[in-house]
Amino acid sequence: MNNITGRVWKFEDNINTDLMYPQICYTLPENDKPFYAMHANRPEWARMVNKGDIIAAGKNFGTGSSRPAADNLKNLGIACVLAESINGLFMRNSVNSGLISLEVPGITGMADEGDTLRINFNGNYIENISNGKIVKFRPLPEFLMEIIDAGGIINILKNKGLLGEPL
C-alpha cells in the first residue's frame, strides 16, 4: 500500500465501540448495520460518509467492548482511522477486519473536519492537503499490514488453506 487520500471526519476523545456499533446492529441485516455507526452522537453522520473517508480522533479511540465496530466502519467506507491513541482491543479487531488504524500523536491539531489528508505509507507521514501541515507516524509492523492488505484475518486463513469446511 502506498497512499490513502480522503476527507476527514473528526471525533473527540473516548469514542467507544457502543457508538460505532450500537445495540440495534445486532438485529439488523448486514447491509443496514453501517448506517447506525455513531448514530447516538451524530445521527446523520453515517449517511454523509463517502467511501475512502478518514476518521481523525482524539485519545482512547475504540474504548469499550469487543463489538465488531471496526467491521462497521470499514463496511461504511472508512478507509483509515487516525487517532491520538487507540484502545488495544479495537486496534487488533481493526487489523483483523482489514481496517487500517494508526496512532498519530498530533492528528487532532493538524486536521479539521472536511480537510483532505494524504497518508503516505512509504514515508510514514500524513500531509494535510488543505493546510499543508505534515505529521509523522510510526508504521504498523509488516505482519499486521499483511493482514490488512489481505482484507483481514479470515482472508489470510482462507488463502493459507487453514479454514476447514463448516460442520
Side-chain angles (χ1 to χ4, degrees), residues 1-17 19-21 30-31 33-39 41-62 68-88 90-156 159:
M1 178 173 308
N2 294 329
N3 295 309
I4 291 175
T5 301
R7 174 180 57 165
V8 171
W9 292 100
K10 203 161 178 185
F11 287 89
E12 62 276 357
D13 295 343
N14 301 311
I15 295 296
N16 67 43
T17 56
L19 289 172
M20 294 178 248
Y21 192 91
E30 282 301 314
N31 291 342
K33 292 176 184 185
F35 296 106
Y36 286 88
M38 309 296 192
H39 192 266
N41 63 333
R42 293 181 74 174
E44 297 302 315
W45 176 76
R47 302 224 179 260
M48 296 184 290
V49 170
N50 293 317
K51 184 176 177 152
D53 284 354
I54 296 168
I55 289 176
K59 296 176 184 168
N60 203 24
F61 188 85
D71 285 336
N72 220 27
L73 295 177
K74 181 180 175 189
N75 292 339
L76 185 60
I78 296 297
C80 187
V81 171
L82 307 171
E84 298 285 340
S85 65
I86 299 174
N87 175 277
F90 178 83
M91 175 64 85
R92 189 57 210 214
N93 286 338
S94 186
V95 168
N96 287 346
S97 72
L99 175 66
I100 300 169
S101 293
L102 299 169
E103 288 190 334
V104 185
I107 191 65
T108 56
M110 67 93 66
D112 291 320
E113 188 155 296
D115 286 354
T116 300
L117 298 182
R118 180 179 301 121
I119 305 164
N120 183 307
F121 291 96
N122 292 327
N124 303 318
Y125 67 89
I126 299 162
E127 176 186 6
N128 186 326
I129 295 170
S130 303
N131 65 24
K133 293 180 181 177
I134 293 176
V135 66
K136 297 282 279 175
F137 65 88
R138 182 180 315 162
L140 291 174
E142 187 175 323
F143 76 98
L144 294 181
M145 285 304 295
E146 287 176 18
I147 295 170
I148 291 168
D149 287 342
I153 194 71
I154 297 298
N155 289 341
I156 289 280
N159 292 342

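Here the structure is a predicted model, which means the values were calculated and not measured.
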Might you point out which heavy atoms bring N3 and N120 nearest each other, and give the distance in Å?
OD1-CA, 3.2 Å
Heavy atoms of W45 and A37 approach each other most closely as CE3-O, 3.6 Å
Gap separating the CG atom of L76 from the CZ atom of F35, nearest 0.5 angstrom
6.5 Å
Please name the pair of heavy atoms, one in L140 and one in L102, separated by the smallest distance, quoted to 0.1 Å.
CG-CD2, 3.7 Å
Taking only residues two or more places apart in sequence or in another chain, which ones pass side chain to side chain contact (heavy atoms under 4.5 Å, CB included) with N41?
F11, E12, I15, L19, M38
Write down the atom of S130, the atom of D115, and the distance for their closest heavy-atom approach.
OG-CA, 3.3 Å
In Å and rounded to the nearest 0.5 Å, what is the CG to CG distance from N60 to N87?
6.0 Å
For the atom pair CG (L144) and CD1 (I153), what is the distance rounded to the nearest 0.5 Å?
9.5 Å
Kindly say whether K133 contributes a backbone atom to a donor-acceptor pair with the side chain of E127 at under 3.5 angstrom?
no
With sequence neighbours left out, what residues match N93 under side-chain hydrogen bond (donor to acceptor under 3.5 Å, both in side chains)?
S66
Using the side-chain hydrogen bond (donor to acceptor under 3.5 Å, both in side chains) criterion, which residues pair with N50? Sequence neighbours excluded.
none
List the residues meeting side-chain hydrogen bond (donor to acceptor under 3.5 Å, both in side chains) with E113, not counting sequence neighbours, and say none if there are none.
R42
When N16, I55, L82, T17 are each screened for side-chain contact (heavy atoms from CB on, under 4.5 Å) with F61, the one that passes is I55
Judged by modelled atom types alone, do N2 and N122 share a side-chain donor-acceptor pair under 3.5 Å?
yes
One should read off an interatomic distance between T108 OG1 and K10 NZ, to the nearest 0.5 angstrom, of 5.5 Å
Which heavy atom in A69 sits nearest to a heavy atom in Y21, and how many Å separate them?
CA-CB, 4.0 Å
Could you grab the distance from atom CD1 of I100 to atom CD1 of I4, nearest 0.5 Å is fine?
3.5 Å
Please check if the side chain of E84 supplies one atom and the backbone of I107 the other of a donor-acceptor pair under 3.5 Å.
yes
Can you tell me how far the OG1 atom of T5 sits from the CD1 atom of I119, to the nearest 0.5 Å?
8.0 Å
Qualifying side-chain hydrogen bond (donor to acceptor under 3.5 Å, both in side chains) pairs with a residue from residues 72-83, counting only residues at least two apart or across chains:
none
Grab the two heavy atoms, one from A70 and one from S97, that are nearest each other, plus how far apart they are.
CB-OG, 3.5 Å
With sequence neighbours left out, what residues match K59 under salt bridge (charged side-chain N to carboxylate O under 4.0 Å, His left out)?
none
I147 side chain reached by R92 side chain, heavy atoms, under 4.5 Å:
yes
